[in-house]
Number of protein chains: 2
Amino acid sequence: MSLRYAILGLLARQPSSGYELTRKFDSSLRTAWHAQHSQIYPELAKLEAEGLAEIIKRGARGSKTYGLTESGHDALRHWLVEVAPDRSQRNESAVRLFLTQLMAPRERRLAFERDLAYVHQQTAELRLIKDQLAPDEPFAPQVELGLRTNAVLSAWLQEQADAATREGGDGPQ
Amino acid sequence: MSLRYAILGLLARQPSSGYELTRKFDSSLRTAWHAQHSQIYPELAKLEAEGLAEIIKRGARGSKTYGLTESGHDALRHWLVEVAPDRSQRNESAVRLFLTQLMAPRERRLAFERDLAYVHQQTAELRLIKDQLAPDEPFAPQVELGLRTNAVLSAWLQEQADAATREGGDGPQ
DNA sequence: TATTGACATGTAGAATCTGACATGTCACGT
DNA sequence: ACGTGACATGTCAGATTCTACATGTCAATA
């Protein structure tokens, strides 16, 4: 049921259309939850049918902006406060890190470097977001957490890439 | 297809029964991928039918220990080296962190403290694993990464809990 | 010897998610 | 006037995953 509450949460922060939600799942929420538009539109329809969300504006090109109803806010608050978190995760990159030792040193080094490039790019995006943050932005701590986590990951990946090089996956490129 | 490769990877590290795999998904792999036994047994049967895994031992209580075949190793190596990683994640706890600002300071503080307790417990488990690690254990760096990530998370959660307390979620308990 | 709990494997139906298909609007540049 | 690309919403078949049901073994202990 996380998709439902992720959507309710985004709508609580800012009324949005399905299209806008899709982009948010792809940007700000990308490290937390993944969803395609083909999942988002039906869920919005269900949320509306159940009285948790409502269309508050119809714009150009048939766009529909949804906001939370009273009971939508209640449902979200209840989930956040009363429901025990599900700690299980699905993270393919983590599975790969777990299995890297099964690769030969050379392939391992390339895998670490590929991840390193990804983390660097993510870090750059986060820095951009951080610099553009309004001073009162309540979202600032989350950006900071992302940056700190990326710093740790980046250092670790670099160490592992170096170790793989020493082990025989040597040479530039 | 990550489940398939997670299983192939675990079997490459160590031939196992479905029951043992289930426990590994619940312990060492818990921060990377989640799967129930009801998913694992059918997948093992498929793997065997496709010639990627084979039963290498039948033990007590009808247990079947699977190992990888030649083509199982090939399939895993191909996936690790050639297939582009899927970076999308599903992590309910991260969704909750993203939405904590929607809670009142008091509830927010409690949520942070609940997470803090969980991270502390995870850290204790990792430390235990680290202390029991054989000196040549190739899995040591992954344990180290877990510890470093947990340290960052722990510090951040403590800061946020303190901030929530200052904002009005005060008082012990 | 009866019970309990960990060990061990499986299936079925429902819910969730993916990838592809389908349709149409609107602004901008050529 | 035409094409292109971003905007915008939807559906559907097939794959993946979850919850619950179902069955049986074996060791320890009361």
Side-chain angles (χ1 to χ4, degrees), chain A residues 1-8 10-11 15-27 29-30 32-50 53-66 79 83-92 95, chain B residues 1-8 10-11 15-27 29-30 32-50 53-66 79 83-92 95:
Chain A
M1 295 293 277
S2 286
L3 173 69
R4 156 158 302 202
Y5 295 104
I7 290 176
L8 288 177
L10 288 173
L11 293 181
S16 312
S17 66
Y19 188 82
E20 289 168 329
L21 289 175
T22 302
R23 283 187 304 172
K24 285 172 192 178
F25 270 96
D26 236 46
S27 56
L29 221 58
R30 68 173 3 279
W33 205 262
H34 178 73
Q36 319 254 27
H37 76 273
S38 57
Q39 232 190 318
I40 292 167
Y41 288 114
E43 188 64 34
L44 280 172
K46 266 206 252 170
L47 252 20
E48 201 206 350
E50 294 173 32
E54 59 186 344
I55 297 172
I56 59 174
K57 191 190 144 201
R58 286 168 187 274
R61 288 175 254 208
S63 87
K64 297 184 272 184
T65 300
Y66 289 84
W79 182 74
V83 178
D86 175 357
R87 306 280 180 184
S88 69
Q89 300 187 25
R90 288 219 163 73
N91 180 344
E92 189 187 294
V95 172
Chain B
M1 294 295 276
S2 287
L3 173 68
R4 156 159 300 201
Y5 295 104
I7 290 177
L8 288 177
L10 288 173
L11 294 181
S16 312
S17 66
Y19 188 82
E20 289 168 329
L21 290 176
T22 301
R23 282 187 305 173
K24 285 172 191 177
F25 270 96
D26 237 46
S27 56
L29 221 59
R30 67 171 6 279
W33 205 261
H34 179 72
Q36 319 255 25
H37 76 272
S38 58
Q39 232 190 318
I40 291 167
Y41 288 114
E43 188 64 34
L44 279 171
K46 264 205 254 171
L47 253 21
E48 200 206 353
E50 293 173 32
E54 59 187 344
I55 297 172
I56 58 174
K57 192 190 144 202
R58 285 168 188 276
R61 288 175 254 208
S63 86
K64 296 184 272 183
T65 300
Y66 290 84
W79 182 74
V83 178
D86 175 357
R87 306 280 179 183
S88 70
Q89 300 187 26
R90 288 217 164 73
N91 180 343
E92 189 186 294
V95 172

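Fair warning: this is a prediction, and the values are worked out from it, not measured in the lab.
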What contact category does [X] fall into here, base, sugar-phosphate, or nothing, at under 4.0 angstrom with non-hydrogen atoms?
| X | answer |
| --- | --- |
| A:R90 | sugar-phosphate |
| A:R58 | nothing |
| B:R4 | nothing |

Would you give me the side-chain donor-acceptor pairs under 3.5 Å for residues 35-42 of chain B, sequence neighbours excluded?
| from | atom 1 | to | atom 2 | distance (Å) |
| --- | --- | --- | --- | --- |
| B:Y41 | OH | B:Y19 | N | 3.3 |

Between the axis at one end of the helix from C:dT1-D:dA30 to C:dT30-D:dA1 and the axis at the other (five pairs apiece), what's the angle to 10 degrees? 20°
Contacts of [X] that satisfy side chain to side chain donor-acceptor pair (under 3.5 Å) - sequence neighbours left out:
| X | result |
| --- | --- |
| A:D86 | A:S88 |
| A:E54 | none |
| B:S2 | A:E92 |

In chain order, what residues pass the side chain to side chain contact (heavy atoms under 4.5 Å, CB included) check against A:K64, with sequence neighbours excluded? A:I55, A:R58, A:Y66
With A:T65 via side chain to side chain contact (heavy atoms under 4.5 Å, CB included) - residues at least two apart: A:P15, A:I56, A:K57
What is the 5' to 3' range of DNA chain C, first to last nucleotide, that sits under 4.0 Å from any heavy atom of chain B? C:dA6 to C:dT18
Expressed in angstrom and rounded to an integer, what is the separation of B:E92 atom CD from D:dT17 atom P? 17 Å
Please give, in whole Å, the distance from D:dC18 P to B:D26 CG? 11 Å
For side chain to side chain contact (heavy atoms under 4.5 Å, CB included), just list the numbers for B:H34 and A:R90, CA-CA rounded to whole Å, side-chain angles, deciding distance to a tenth of an Å, and then say yes or no. CA-CA 6 Å; B:H34 179 72; A:R90 288 219 163 73; 4.1 Å; yes
Approximate separation, where rounding is to 0.5 Å, of B:M1 CE and B:L3 CG: 9.0 Å
State the CG-OG1 distance between A:L29 and A:T22, to the nearest 0.5 angstrom. 12.0 Å
Can you sort out the partners of B:W79 under ring pair (Phe, Tyr, Trp, His ring centres under 6.0 Å), two or more places apart, ordered by chain and number? B:Y5
Map A:W33 and A:G62 onto DNA chain C by nearest heavy atom, then report which one ends up closer to the 5' terminus. A:W33
Expected list for residues 34-43 of chain A near DNA chain D, using heavy atoms below 4.0 Å, is A:H37, A:S38, A:Y41
Please list all pairs passing the salt bridge (Lys or Arg N to Asp or Glu O under 4.0 Å) test where one or both residues lie in residues 39-48 of chain B, with sequence neighbours left out. B:R4-B:E43, B:E43-B:K46
